[in-house]
There are 2 protein chains.
Amino acid sequence: MIKLTHAEENYLKAIYQLSEAGKKGVSTNDISAEMKTKPASVSDMLRKLGEKEVIEYRKYYGVHITEEGKKFALRTIRKQRLWEVFLVEKLRFAWDEVAEVADELEHVQSTILIQRLDEYLGFPKFDPHGDPIPDEYGDVRSRPRLPINEIDINGTGQIVAVKDSSAAFLRYLDKVGAYIGARIKVLEKVEFDGSIEILVDNKKTIFMSKDVAANILVMV
Amino acid sequence: MIKLTHAEENYLKAIYQLSEAGKKGVSTNDISAEMKTKPASVSDMLRKLGEKEVIEYRKYYGVHITEEGKKFALRTIRKQRLWEVFLVEKLRFAWDEVAEVADELEHVQSTILIQRLDEYLGFPKFDPHGDPIPDEYGDVRSRPRLPINEIDINGTGQIVAVKDSSAAFLRYLDKVGAYIGARIKVLEKVEFDGSIEILVDNKKTIFMSKDVAANILVMV
DNA sequence: TTAGTGATTTAGGTATATCTAAATAAATAT
DNA sequence: ATATTTATTTAGATATACCTAAATCACTAA
Ligand SMILES: [Mn+2]
Ligand SMILES: [Mn+2]
Ligand SMILES: [Mn+2]
Ligand SMILES: [Mn+2]
């Protein structure tokens, strides 16, 4: 049976998520940026992950995650997101405060711990950022969702997730009053810079840049 | 500010607990046995802990923990015991199943996490094995307690802790029906081998060896 | 089609945490 | 008081996970 270290789990999760985002092979530099380590360290790690056959690694041509690798990555992601739910729902963490702690908790090794946590939380399907929680077999049920900037004028929907989970972005959303579950309607799209005005819960209007809008995901 | 690695935290906790048990300096071999590492590895670690001034280390003469070291050890112990309470109270772990998992969870770095966990658990004062949980300043309020074999015939009391927290011992206690909180009365002490018969909750009698009795702590 | 640039890997180094085997200090027994 | 035993440390290795600097590969632009 393959065993992964904490560092290997972190890299593999990053590789999985980068490959989901981009579809094609993931580059050393992308991983380096995501992991905040130097490209040289990434090359080292890719060799090791290749040997463990959780990625397919061709020098100079980026990596692809294997089926086996996906299973490991999804297991880590499941743990991360369950712990995020725990921190928010049970320990009253804000959604911008969970990243660091969940990034440690996700490495605790215990199958029963995760099963029990899942049960204790009521088998949540989504984490505090709207991201789907894989089940124990690695199945992810993802909802169809669109960034706000791709919604037509007068189109309506419900905020279901954020693409960027950085503390800075999340705190900004808190400040302007955008949150998961909010019902929105697109009131105006400025041709010039793509900025957008939305109505939240039929009460409040929010102006946002195209950049912000692109990071808020809505179910129509 | 001193930073300790996971391994250093584990060693320091072991050293603290061994020195509490024995009072005098702790030997390399004792630590080696407790940590399940070789004496050579312990020597290495002692040098490092000495440099960080959490222990006082004189080669060949064992170690003493410093005041600074005690603070760190008690912080780790606090975290371990709070997580043990969480696992038992919230996730329905048995008291013999928590050791391994809590031994990982105790290393998660987040002051707020522990404060919130403490609050969430209702500020418990004792862990599932009856051991006191230090407060956030490292103060431990320990109850006076005696091993059953030191109680006189017809003496009564309440089981408040176990000295040995190994899964084997705890499962044995489950089997014979001894548990934290049980009210007991010493019915007989066999002169020959020190074995003891007790009455539990005025209902059930249990025979136990002196060895077992010595590991069950009672408040009189 | 080749020179140059940027991406990537390799080489060599540090720090942590372990090990085995050898050396040495301390404790014990004769 | 010395020899033997036991405890402990040191020496030298391995494995992980990083780093910087140098080398090398791949792609692109002339
Ligand atoms: Mn992580
Ligand atoms: Mn999340
Ligand atoms: Mn531990
Ligand atoms: Mn305990």
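Here is the naming used below: chain letters follow the sequence lines, and residue numbers restart at 1 for every chain.
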How are the rings of Phe86(B) and Tyr120(A) set to each other: parallel, tilted or perpendicular (split at 30° and 60°)?
perpendicular
Aromatic rings His129(A) and Trp95(A): how do their planes relate, parallel, tilted or perpendicular, breaks at 30° and 60°?
parallel
Test item: Lys125(A) side-chain N/O and Phe123(A) main-chain N/O as donor-acceptor pair under 3.5 Å
yes
Pairs under 3.5 Å (N/O, protein and nucleotides 1-3 of chain C):
none

Nucleic acid footprint by protein, nucleotides 7-16 of chain C - heavy-atom cut-off 4.0 Å, B for base, S for sugar-phosphate alone:
SSBB-----S
Could you tell me whether the side chains of Ser195(A) and Asp193(A) share a donor-acceptor contact shorter than 3.5 Å?
yes
Would you please name every residue forming a salt bridge (Lys or Arg N to Asp or Glu O under 4.0 Å) with Glu67(A), sequence neighbours left out?
Lys70(A)
Partners passing side-chain contact (heavy atoms from CB on, under 4.5 Å) against Asp44(B) (at least two apart in sequence or in another chain):
Arg47(B)
Could you work out, with side-chain contact (heavy atoms from CB on, under 4.5 Å) as the rule, every residue matching Lys210(B), not counting sequence neighbours?
Asn149(B)
Nucleotides bounding contact with chain B, strand DNA chain D, heavy-atom threshold 4.0 Å:
dA7(D) to dT10(D)
Decide if atom CD of Glu56(B) counts as having more than 12 heavy atoms of other residues, nucleotides or ligands within a radius under 6.0 Å.
no
Greater than 12 external heavy atoms within 6.0 Å of Glu119(B)'s CD
yes
May I ask you to check if Lys52(B) and Phe72(B) form a cation-pi contact, with NZ or CZ under 6.0 angstrom from the six-membered ring centre and within 45° of the axis?
no
